[in-house]
Amino acid sequence: MGWAIALHGGAGDIPRSMPPERREPREAALRHCLQIGVDAIKAGRSPLDVVELVVRELEDNPHFNAGRGSVLTSNGTVEMEACVMVGDTKKCGAVSGLTTVKNAVSLARLVMEKTPHIYLGFDGAEQFAKEQGVETLDASHFITPENVDRLKQAKEANKVQIDYTQPIQKVEEEDESASLPNGDSQIG
Amino acid sequence: TVGCVAVDSSGNLAAATSTGGLVNKMAGRIGDTPIIGAGTYANSLCAVSATGKGEAIIRATIGRDVAALMEYKGLSLEKAAAYVVQECAPVGTVGLVAVSANGQVTMPFNTNGMFRACANEDGYTHVGIWQD
């Protein structure tokens with residue numbers, strides 16, 4: 001018996017050829033977030049506090065698909081969602097369809113702690129966020145140039161992509177000098 | 001999708017997950033993250049946070065199935081999570097991180113890679129992307 005913590009920053013078709021300038025910041029962020037969690041749990045914070053703290057940090061990092069850096073809908077908008085759950089009581093809270101809330105995970109915790117419900121979505125969730133005074137930001141805060149490019153590629157291919165799907169390559173592309181916005185060569 | 005699971009020295013567990021969903025998803029689409037028992041689950045045995053393709057994770061009730069295999073079949077956390085990831089969801093659709101009440105940690109995935117990290121009281125630390 002002892003404390004333990006684990007975190008993820010997304011799964012998908014992550015190419016082993018991922019260049020260092022894209023890999024290293026993500027690895028550094030994972031280490032940073034892990035250390036935040038370890039410090040918190042060593043300091044005696046509850047597991048609920050720890051997971052909220054760590055996920056907030058991951059949300060604030062544009063390299064991951066939550067909060068700032070969230071991927072875009074087909075309309076070019078963000079719709080974020082989050083959930084928390086406590087083991088011994090099975091208390092839980094969840095939110096969906098957020099467009100302005102800086103840290104969705106904290107709003108999910110408020111749903112758990114301040115309402116008789118489990119799950120709020122879209123306008124109701126945004127309204128609840130305002131009532132609770134949680135930090136909100138203009139939707140443009142969450143949208144990164146990289147994700148605008150990813151949406152463009154996905155729309156051109158008429159596909160949806162899970163986290164870290166490799167850029168979609170257009171087979172008709174014959175311009176060998178062409179490269180994708182993230183620096184990945186289309187010709188390998 | 002980002003997520004975190006934690007257990008303290010008394011065996012108290014919690015899980016949290018947050019996401020923007022899928023690139024080019026339809027407006028109004030809800031994925032696995034906020035669905036209790038799919039992308040996020042915790043009980044007195046384990047805490048689970050999943051990532052990947054939400055529709056597959058919901059269909060397979062990934063989080064709850066890990067807990068159910070421990071609860072009803074007596075599997076260890078590692079075996080329960082490995083079974084769910086390898087047998088219950090299509091290849092290339094899911095990864096998860098999980099901890100048990102007795103401090104076990106596991107991070108299986110059936111995608112090409114998963115950004116992940118873990119640590120425990122014994123001093124073990126791991127940061128990884130692909131299968132080692």
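In what follows, chains are A, B, ... by sequence order, proteins preceding strands, each numbered from 1. If you're wondering where the values come from, they're calculated on a predicted model, not measured in any experiment.
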**OP:** Would you give the length of the straight line joining atom OG1 of B/T40 to atom CE of A/M85, rounded to the nearest 0.5 angstrom?
**Re:** 9.0 Å
Original post:
Among B/T106, B/V127, B/L96, which residue forms the greatest number of heavy-atom pairs with chain A at distances under 4.5 Å?
Top reply: B/V127
Original post:
What are the two closest heavy atoms between A/P47 and B/L13, and how far apart are they?
Top reply: CB-C, 4.1 Å
Subject >> Reference residue B/F115; test side chain to side chain contact (heavy atoms under 4.5 Å, CB included); the match among A/R26, A/E27, A/H63 >> reply: A/R26
**OP:** Can you measure from OG (A/S96) to CD1 (B/I35) and round to the nearest 0.5 angstrom?
**Re:** 6.5 Å
Original post:
Where on B/Y41 is there a heavy atom nearer than 4.5 Å to chain A: the side chain, the backbone, both, or neither?
Top reply: both
Original post:
Can you tell me how far the CD1 atom of B/I36 sits from the SG atom of A/C83, to the nearest 0.5 Å?
Top reply: 3.5 Å
Original post:
What part of B/M107 gets closer than 4.5 Å to chain A, counting heavy atoms only: side chain, backbone, both or neither?
Top reply: side chain
Subject >> Residue among B/G103, B/G95, B/S44, B/A15 with most heavy-atom pairs under 4.5 Å to chain A >> reply: B/A15
Subject >> Interface residue of largest heavy-atom contact number with chain A, from B/G63, B/A98, B/A50, under 4.5 Å >> reply: B/A50
Subject >> chain B contacts, top residue of A/S70, A/A4, A/G37 (heavy-atom pairs, under 4.5 Å) >> reply: A/A4
Subject >> Heavy-atom closest pair, residues A/V50 and B/A6 >> reply: CG1-CB, 4.1 Å
Subject >> Max heavy-atom pair count under 4.5 Å with chain B, selected residue of A/L53, A/T73, A/D88 >> reply: A/T73
**OP:** Can you measure from CG (B/N24) to CD (A/E156) and round to the nearest 0.5 angstrom?
**Re:** 11.0 Å
Original post:
If Ile, Leu, Val, Met, Phe, Trp and Tyr residues are connected whenever their side-chain heavy atoms lie under 4.5 Å apart, and connections chain through other members, are B/V85 and B/V48 in the same group?
Top reply: yes
Subject >> Per-residue contact mode, A/L98 against chain B (heavy atom under 4.5 angstrom) >> reply: neither
Original post:
Does any heavy atom of chain B fall under 4.5 Å from the side chain of A/L30, the backbone, both, or neither of them?
Top reply: both
Original post:
What residue, out of B/L45, B/N12, B/V105, has the most heavy-atom pairs lying under 4.5 Å from chain A?
Top reply: B/N12
Original post:
Would a distance-only check, ignoring hydrogens and angles, find a side-chain to backbone donor-acceptor pair under 3.5 Å from B/N120 to A/G2?
Top reply: no
Original post:
Looking only at heavy atoms, which two atoms of A/I14 and B/N112 are closest? And how far apart?
Top reply: O-ND2, 2.5 Å
Original post:
Quick one: what part of B/A67 sits under 4.5 Å from any heavy atom of chain A, side chain, backbone, both or neither?
Top reply: neither
Subject >> Side-chain donor-acceptor contact under 3.5 Å, A/H8 with B/S49 >> reply: yes
Original post:
Judged by modelled atom types alone, do B/T19 and A/E81 share a side-chain donor-acceptor pair under 3.5 Å?
Top reply: no
Subject >> Shortest non-hydrogen contact between B/A42 and A/K90, atoms and distance >> reply: O-CG, 4.0 Å
**OP:** Over all heavy atoms of both residues, which pair between B/I30 and A/Y119 is shortest? Give the atoms and the distance, please.
**Re:** CG2-OH, 3.0 Å
Original post:
Are B/L77 and A/V51 connected, step by step, through hydrophobic side chains (Ile, Leu, Val, Met, Phe, Trp, Tyr) whose heavy atoms are closer than 4.5 Å?
Top reply: no
Subject >> Atom pair CD (A/E52) and SG (B/C4), whose distance is rounded to the nearest 0.5 Å >> reply: 11.0 Å
Original post:
Is there a path of hydrophobic side-chain contacts, each under 4.5 Å between heavy atoms of I, L, V, M, F, W or Y residues, that connects A/V105 with A/L110?
Top reply: no
Original post:
B/A47, B/G31, B/G28: which one forms the most heavy-atom pairs within less than 4.5 Å of chain A?
Top reply: B/G28
Subject >> Contacting moiety of A/T77, where chain B heavy atoms sit under 4.5 Å >> reply: neither
**OP:** Name the member of B/V99, B/T125, B/T17 that forms the most heavy-atom pairs with chain A at distances under 4.5 Å.
**Re:** B/T17
Subject >> Atom group of A/V38 that falls short of 4.5 Å from chain B, counting heavy atoms >> reply: side chain
Original post:
Counting only heavy atoms not in A/F122, do more than 12 fall under 6.0 Å of its CZ?
Top reply: yes
**OP:** Indicate, with yes or no, if A/V148 and A/M80 share a hydrophobic cluster defined by side-chain heavy-atom contacts under 4.5 Å among Ile, Leu, Val, Met, Phe, Trp and Tyr.
**Re:** yes
Subject >> Atom CD of B/Q104: over 12 foreign heavy atoms under 6.0 Å >> reply: yes
Original post:
Would A/R23 and B/I129 count as a side chain to side chain contact (heavy atoms under 4.5 Å, CB included) if you check the C-alpha gap in whole Å, the side-chain angles of each, and the deciding distance to 0.1 Å?
Top reply: CA-CA 9 Å; A/R23 173 175 50 80; B/I129 302 175; 3.6 Å; yes
Subject >> From A/I5 atom CD1 to B/E121 atom CD, the distance as rounded to the nearest 0.5 Å >> reply: 13.0 Å
Original post:
Same cluster for A/L48 and A/L58 if Ile/Leu/Val/Met/Phe/Trp/Tyr side chains link at under 4.5 Å?
Top reply: yes
**OP:** Could you pull out the closest heavy-atom pair between A/A82 and B/P34, with the gap in Å?
**Re:** O-CB, 3.9 Å
Subject >> Top contributor to chain B interface from A/V54, A/N75, A/L34, A/V78 [non-hydrogen pairs under 4.5 Å] >> reply: A/L34
Original post:
Relative to chain B, which segment of A/I41 carries a heavy atom at a distance below 4.5 Å: side chain, backbone, both, or neither?
Top reply: side chain
Original post:
If you count heavy-atom pairs under 4.5 Å between each of A/G93, A/A66, A/S46 and chain B, which one has the most?
Top reply: A/A66
